[in-house]
Number of protein chains: 2
Amino acid sequence: MTGVSQATVSLVLNGRDDGSVRIAPETRERVLGAIRATGYVADPVARRLAARHNRIIGVFTYEPVFPAGTGDFYHPFLVGIEESAERLGCDLLLLTSAPVTDGRRRIFHDDNRLRLADGCVLLGRSLDRDELGRLVAEGQPFVSVGRRDDAGGPVPYVGADYAAATADVVRRALDAGHTRLAYLGQGAGPESHTDRFAGYRTALDAAGLPTRHEPTDRSPADLLDTLLDTGVTAVVVEEYADGVSLANAAVERGRTVPADLSILALGDPTRPTTSDLEFTGFRIPRREMGWQAVEVLTGLLAGVPGTVTQRLLPCQPVDGVTLLPPRH
Amino acid sequence: MTGVSQATVSLVLNGRDDGSVRIAPETRERVLGAIRATGYVADPVARRLAARHNRIIGVFTYEPVFPAGTGDFYHPFLVGIEESAERLGCDLLLLTSAPVTDGRRRIFHDDNRLRLADGCVLLGRSLDRDELGRLVAEGQPFVSVGRRDDAGGPVPYVGADYAAATADVVRRALDAGHTRLAYLGQGAGPESHTDRFAGYRTALDAAGLPTRHEPTDRSPADLLDTLLDTGVTAVVVEEYADGVSLANAAVERGRTVPADLSILALGDPTRPTTSDLEFTGFRIPRREMGWQAVEVLTGLLAGVPGTVTQRLLPCQPVDGVTLLPPRH
DNA sequence: TCAAGGCGCTAATACGAATTATCACGCCGA
DNA sequence: TCGGCGTGATAATTCGTATTAGCGCCTTGA
């Protein structure tokens with residue numbers, strides 16, 4: 001249309017008029033006119049092939065992105081991710097094509113499409129260690145939402161400081177006069193669990209008090225009986241839903257929360273559950289985590305020098321109504 | 001590593017051993033071995049450049065994808081879209097980079113990235129007519145979630161049959177004995193509104209009864225007075241939230257719903273609102289709409305002949321507690 | 001004996017942009 | 001007249017893959 005070469009169009013399109021390249025203003029206008037007239041837009045894929053980046057951020061989750069069963073636990077993360085992406089002018093690629101084997105999605109498989117994006121954000125309770133290691137080894141740019149242990153190298157993450165938040169919750173119970181506190185949950189497995197348990201242990205150790213770990217495989221009623229029989233006056237629960245079950249069991253047994261037993265929740269519900277009690281504990285800064293994860297990723301990609309790639313964000317304390325001094 | 005050409009690797013990688021191409025089993029094994037050893041995966045971008053499609057489905061919404069203010073009205077659509085995409089092995093690209101001008105996102109702008117995807121799904125109460133027309137004119141493959149009028153050509157869509165569902169609701173009120181039914185809402189603007197109003201009008205016309213249209217700009221209390229003063233016994237409300245306001249106003253005035261006034265909701269809440277009443281009306285098959293939108297899109301892309309590209313899905317009637325025969 | 005065709009693979013090219021070395025041109029000064 | 005220099009644009013190459021015509025060799029059948 002304009003009689004210029006493809007190269008010239010490319011230069012005009014990208015507004016290149018720095019020292020090394022010059023386009024006559026008249027030519028530039030002609031090209032821009034043709035672009036406007038035809039509505040031409042450069043093929044982003046070809047562009048990516050040549051430029052080696054495309055402002056696409058992959059989002060990989062081990063559960064469906066738009067959750068049904070997780071009671072929207074992941075929703076706030078995604079809100080933060082989207083807001084951040086929008087601000088940075090990036091698009092999000094939801095890696096929904098990853099096939100599900102053995103009940104979970106896999107990053108690496110025969111038609112790995114991760115590299116469609118410049119980098120990716122990983123979301124999920126527990127990431128597969130092998131896959132994580134491979135990402136690190138291959139130098140794939142990624143950021144995990146949630147702290148992760150090293151996997152053959154440092155893993156970039158934006159996590160919540162569960163250890164500090166849990167220790168704080170425990171200290172609040174200690175300040176209220178409790179001396180026999182149990183930890184209800186796995187306390188192992190995913191980093192989010194071990195961190196909580198570590199915080200619990202730290203706070204009790206510092207106070208010179210014994211720890212007590214209850215697994216979650218017992219019925220709430222049994223569990224309640226055991227706890228009360230052995231003089232436990234406060235329980236910190238890893239999973240919000242387990243706290244709800246325990247409280248319900250207490251009500252059924254004619255006991256009162258928190259008069260008979262204080263219950264402290266270590267975070268937001270990850271399973272759909274309802275309760276009219278507002279549990280004392282803390283909130284996970286989910287939106288902020290999602291937001292910062294994208295920030296860290298783009299920092300990594302741009303090679304920004306000062307970027308801290310391992311971040312722990314503070315949790316917000318929640319006062320709630322489930323903590324009272326113990327009876328004597 | 002194996003001494004074969006790039007072309008051979010490509011052929012092995014894609015499992016091409018149909019009639020036209022043959023690879024010696026021994027060679028194939030050697031190549032596969034090298035692939036396993038190195039963990040090589042084809043660059044999806046280059047692949048897309050060559051193949052001219054990439055199994056990416058764009059998702060464009062006129063509101064944030066992960067909604068905050070819309071009370072998760074859009075969530076079920078996205079769940080359906082994701083499920084369908086997962087089943088078809090496609091990834092979803094959320095077009096979050098589209099800049100917001102004059103309070104809404106725009107598809108077309110100077111750095112249009114729609115073409116990154118093979119096609120796209122459009123979501124939103126009202127789509128911009130000009131943009132829609134341009135999509136049609138340019139032959140961009142897309143599907144709208146929600147019925148749309150022609151825009152210089154037929155618009156592919158998967159919508160809810162609001163007209164039929166509304167007519168059905170009105171008939172249920174007529175069957176209960178109502179003869180003075182008002183329509184509360186815009187009744188104009190987006191197709192979803194005009195369709196509802198059309199259904200309302202159709203049902204009343206068929207019964208030989210007069211229609212009555214109330215705009216939403218009045219206070220619920222005023223509105224309630226007017227309705228009752230003029231003998232209206234049932235109201236169909238376009239917006240769930242307006243029904244809630246009206247019901248609340250009734251309670252404040254010492255009236256009872258549905259004894260004094262039946263209220264029928266034409267769909268699910270699009271704004272966050274709470275009410276202990278379960279409104280009589282219908283539910284929008286949101287998940288199914290999202291699901292089928294992706295189906296239609298992939299059908300379009302694959303050029304599947306029999307694909308119906310304009311679909312209206314039935315809404316599910318809800319019995320609820322807000323419809324009773326009128327007092328005499 | 002020779003054309004026809006099967007076999008397994010590769011060279012070459014396309015995909016659509018970004019990048020860079022280079023070229024043609026005109027002007028100026030020596 | 002010739003060389004040097006600033007201008008403005010282009011030819012050629014690159015990114016990593018998919019596709020296809022065709023090569024050289026061998027077998028088969030008439």
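Naming: A, B, ... by sequence-line order, numbering from 1 per chain. Hydrogens, waters and symmetry mates are skipped; everything else that's a heavy atom, side chains included, is used.
Between D:dT19, D:dT10, D:dA9, one nucleotide has an atom nearer to the side chain of B:R16 than all others, and that is D:dT19. When each of C:dA11, D:dT7, C:dT19 is scored by its nearest atom to the side-chain atoms of A:L11, the top-ranked nucleotide is C:dT19. Distances were taken from every side-chain heavy atom of A:A46 (C-beta onward) to each of C:dT10, C:dA17, D:dA11; the shortest belongs to C:dA17. Taking the side chain of A:L49 as heavy atoms from C-beta on, and the options C:dC15, D:dT10, D:dC15, the nearest nucleotide is D:dC15. The B:S5 side chain lies nearest to C:dA11 when the options are C:dG16, C:dA11, D:dG16. Distance from the side chain of A:A7 is smallest for D:dA11 among the nucleotides D:dT19, D:dA11, C:dG8.
Residue B:R48 contributes atom CZ, which lies 14 Å from atom P of D:dA18 at whole-angstrom precision. In this structure, A:I23 places its CD1 atom 13 Å from C1' of C:dT19, rounding to the nearest Å. Whole-Å rounding puts the B:H53 NE2 to D:dA18 C1' distance at 11 Å. In this structure, the CZ atom of A:R22 is 18 Å from the P atom of C:dC25, given to the nearest Å. Spacing between atom CG of B:D17 and atom C1' of C:dG6 amounts to 17 Å, rounded to whole angstrom units. Following rounding to the nearest Å, A:N14 (CG) and C:dA17 (C1') show an atom-to-atom distance of 9 Å. Atom CD1 of B:I35 is separated from atom C1' of D:dT17 by 13 Å (rounded to the nearest Å). Going from atom CG of A:N54 over to atom C1' of D:dC15 covers 13 Å, rounded to whole Å.
In this model, the phosphate group of D:dT14 is not approached by any side-chain N or O of A:R52 to a distance below 4.0 Å at OP1 or OP2. A:R47 has a side-chain polar atom (N or O) that falls below the 4.0 Å cut-off from OP1 or OP2 of C:dA18. At the phosphate of D:dT10, OP1 or OP2 sits under 4.0 Å from a side-chain N or O atom of A:T8. Between B:Y40 and the phosphate of D:dT17, there is a side-chain N or O to OP1/OP2 separation shorter than 4.0 Å. Distances shown here put a side-chain N or O of B:S10 below 4.0 Å from the OP1 or OP2 atom of D:dA18.
Taking each heavy atom of B:Q310 and B:P154 in turn, the nearest pair found is NE2-CB, 3.8 Å.
Between the side chains of B:E131 and B:Y62, a donor-acceptor pair is found at a separation under 3.5 Å.
Between A:R106 and A:D128 there is a salt bridge, with a side-chain nitrogen of the basic residue lying less than 4.0 Å from a carboxylate oxygen of the acidic one. Using a 4.0 Å cut-off between a side-chain N of Lys or Arg and a carboxylate O of Asp or Glu, A:D118 and A:R48 qualify as a salt bridge.
For the pair A:S20 and B:A51, nearest-nucleotide mapping onto DNA chain D gives the more 5' position to A:S20.
Within 4.0 Å (heavy atoms only), A:V4 reaches sugar-phosphate atoms of the nucleic acid but no base atom. Using a 4.0 Å heavy-atom cutoff across all strands shown, B:L13 reaches no nucleic acid atom at all.
In this structure, the side chain of B:R52 does not engage the main chain of B:L49 through any donor-acceptor pair within 3.5 Å.
The residue from A:R148, A:R147, A:E191 that alone fulfils the side-chain contact (heavy atoms from CB on, under 4.5 Å) condition with A:V155 is A:R148.
For D:dA11, its base never sits under 3.5 Å from the side chain of A:Q6 at any donor and acceptor pair.
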